[in-house]
Amino acid sequence: MGANDHHRRARKLDIVSTLSNKSTSGATVRRLAVGTVALGAATLGYAVGIERRRWTLRTAELPVLAAGAKPFTILHISDLHMLPGHVSKQRWVAALDELEPDLVVNTGDNLSHHQAVPSVLRALGPLLDRPGVFIFGSNDYYAPKPKNPARYLMPKGKKKRIHGEHLPWRDLRAAFVEHGWNDLTHVRRTIEVADQYVFTAGVDDAHLHRDRYADIAGPVDTAAAVRIGVTHSPEPRVLDEFAGDGYDLVLAGHTHGGQLRVPGYGALVTNCELDRTRARGASRWGAQMWLHVSAGLGTSPYAPARFACPPEASLLTLVPRGTTSENHRKAAPRKARNTVR
């Protein structure tokens, strides 16, 4: 075989090798594409079909009471976004009465349907016999409407607020008040909890700019065991007002904990001006005040998915200042009790 024959054979082998490599590369790309689609489908299926019904109880201990005060528990419930067919949610919430909380705090967004008031009352029924306070959120006043999920990632200035039909929040308020719960909307009130006095106050939904902090502004009751503020959306401007007046703790909801979280990174958005690192759980706000944001128990019916952020209620144990370390921004480690029904 001559030199030319060797050269032609080498070229043929190079061509065959190149074609083979291209074929292998193409097959790899196709496998990766199929795998990515399958993983995405599996993740979506888990987020919609499993995690959004993985009801979770979280606990935290917060050192906010005056020295010598008796520790007591708060059950923090938020963002039920109830539909009439949410039977497992109703059963799970009703069973929280077994925790025997000393105080129930409801931070709004109970409704997602004009016929959901009876469903909310079935869920909260046993708890309504315990001391309770509440304020409302946007989805108590207006039903949700279909929205592009990407709008939550837009800068605030580019968002257009969309309201759905009016919801029967007055009926819900009447039922809460009839059972003895206190409406804290622009009200300051001292209530008795666990044989001691607790000073409370709240504002209407700051996300809708319905808040009028001036109505409750002023010095707090320094003789109370603790001073608690309540708001639906944890807007920093409102939190600063509470902190400036000397509140020890503010409870809020609205964020859904981010709803879709990236493991190791956390919430992508909070749907308010609060920074994403505080999208759920307890943190310090200023030198004296604590903030607790509930990740809530529901979703919009038009975005029924949660990922790395199961629906939750929180049992908070309030203890005197100095009982636990106050050198860390985060609250004491939380335990979770998860159920899927």
Side-chain angles (χ1 to χ4, degrees), residues 52-57 73-144 164-187 189 191 193 200 202 204-205 208 210 228 230-233 251-254 256 294-301 304 311-316 337 339-341:
R52 74 183 177 97
R53 289 193 293 268
R54 188 160 64 89
W55 318 117
T56 301
L57 175 69
T73 57
I74 291 177
L75 180 64
H76 184 185
I77 293 176
S78 195
D79 296 88
L80 286 165
H81 291 282
M82 191 70 76
L83 295 175
H86 286 170
V87 176
S88 70
K89 185 190 300 184
Q90 294 167 37
R91 291 174 178 168
W92 190 83
V93 172
L96 294 174
D97 185 62
E98 298 172 8
L99 300 171
E100 300 183 350
D102 296 301
L103 176 67
V104 182
V105 177
N106 182 316
T107 49
D109 271 11
N110 297 276
L111 305 172
S112 276
H113 192 277
H114 68 280
Q115 294 181 343
V117 169
S119 301
V120 172
L121 297 179
R122 277 194 293 271
L124 296 175
L127 295 166
L128 290 171
D129 293 329
R130 300 187 180 278
V133 298
F134 67 94
I135 44 85
F136 286 141
S138 58
N139 284 129
D140 292 304
Y141 300 120
Y142 305 103
E165 65 175 310
H166 289 266
L167 292 176
W169 63 271
R170 292 179 180 84
D171 295 341
L172 186 62
R173 180 189 183 278
F176 284 175
V177 171
E178 181 181 353
H179 281 84
W181 278 16
N182 292 282
D183 182 357
L184 293 184
T185 306
H186 303 138
V187 169
R189 183 161 291 152
I191 61 177
V193 179
T200 62
D204 208 343
D205 187 11
L208 294 182
R210 295 171 66 114
I228 299 175
V230 184
T231 179
H232 176 64
S233 182
L251 302 180
H254 177 72
H256 295 191
S294 171
L297 282 158
T299 65
S300 165
E312 67 177 45
S314 300
L315 186 68
L316 310 177
R337 184 181 76 187
T339 61
V340 181
R341 297 180 182 176

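For the numbers below, each heavy atom of this structure counts, side chains included, while hydrogens, waters and symmetry mates do not.
Pro301 has its side chain within reach of Leu83: a pair of non-hydrogen atoms, C-beta onward, lies under 4.5 Å apart. Side chains of Val105 and Leu316 form no contact here, defined as non-hydrogen atoms less than 4.5 Å apart. Side-chain contact between Asp109 and Ser138 is present, with at least one heavy-atom pair separated by less than 4.5 Å. Using a 4.5 Å cut-off on side-chain heavy atoms (C-beta onward), Val133 and Ile228 make no contact. Side-chain atoms of Asn182 and Thr200, non-hydrogen and from C-beta on, never get closer than 4.5 Å to each other. Leu111 has its side chain out of reach of Asn139: every pair of non-hydrogen atoms, C-beta onward, lies at least 4.5 Å apart. In this structure, the side chains of Leu124 and Ile77 come closer than 4.5 Å at one or more pairs of heavy atoms.
The two residues Ser314 and Glu312 make their nearest non-hydrogen contact at OG-OE2, 3.7 Å. The minimum heavy-atom distance linking Ser78 with His254 is given by the pair OG-N, 4.2 Å. Nearest heavy atom pair, residue Ile135 against residue Gly202, reads CG2-CA, 4.4 Å. Scanning all heavy atoms of the two residues, the minimum distance from Asp205 to Gly137 falls at OD2-C, 3.8 Å. Minimum interatomic distance between Ser88 and Arg53 (heavy atoms only, all atoms of both residues): OG-CD, 4.2 Å. Nearest heavy atom pair, residue His232 against residue Asp79, reads CE1-OD2, 3.4 Å.
For the residue pair Ser119/Arg122, the side-chain donor-acceptor check at 3.5 Å is satisfied. No donor-acceptor contact under 3.5 angstrom links the side chains of His256 and Thr299, judged on distance only.
Taking the centre of each ring, Tyr142 and His166 come in below the 6.0 Å mark.
For the atom pair Leu167 CG and His113 NE2, the distance stands at 9.0 Å (nearest 0.5 Å). Remark: Asn106 CG to Leu251 CG distance equals 11.0 Å, nearest 0.5 Å. Put simply, NE2 on His179 and CG on Leu121 are 7.0 Å apart, with the number rounded to the nearest 0.5 Å. Note: Leu96 CG to Leu315 CG = 9.0 Å, rounded to the nearest 0.5 Å. If you take OG1 on Thr73 and CG on Asp102, they are separated by 4.0 Å, rounding to the nearest 0.5 Å. Rounded to the nearest 0.5 Å, atoms CG (Leu75) and CD (Glu100) are 12.5 Å apart.
Using modelled atom types, one side-chain atom of Thr56 and one backbone atom of Arg54 make a donor-acceptor pair closer than 3.5 Å. Lys89 places no side-chain N or O within donor-acceptor distance of the main-chain N or O of Met82, the cut-off being under 3.5 Å.
Under 4.0 Å is where a charged nitrogen must lie from a carboxylate oxygen, and between Arg173 and Asp140 no such pair does.
Annotation: cation-pi geometry not satisfied between Arg210 and Phe136 (NZ/CZ under 6.0 angstrom from ring centroid, within 45° of ring axis).
Ring geometry for Trp181 versus Phe134: interplanar angle of 30 to 60°, hence tilted.
Counting heavy-atom neighbours within 6.0 Å of Glu165 CD, excluding the residue itself, gives a total above 12.
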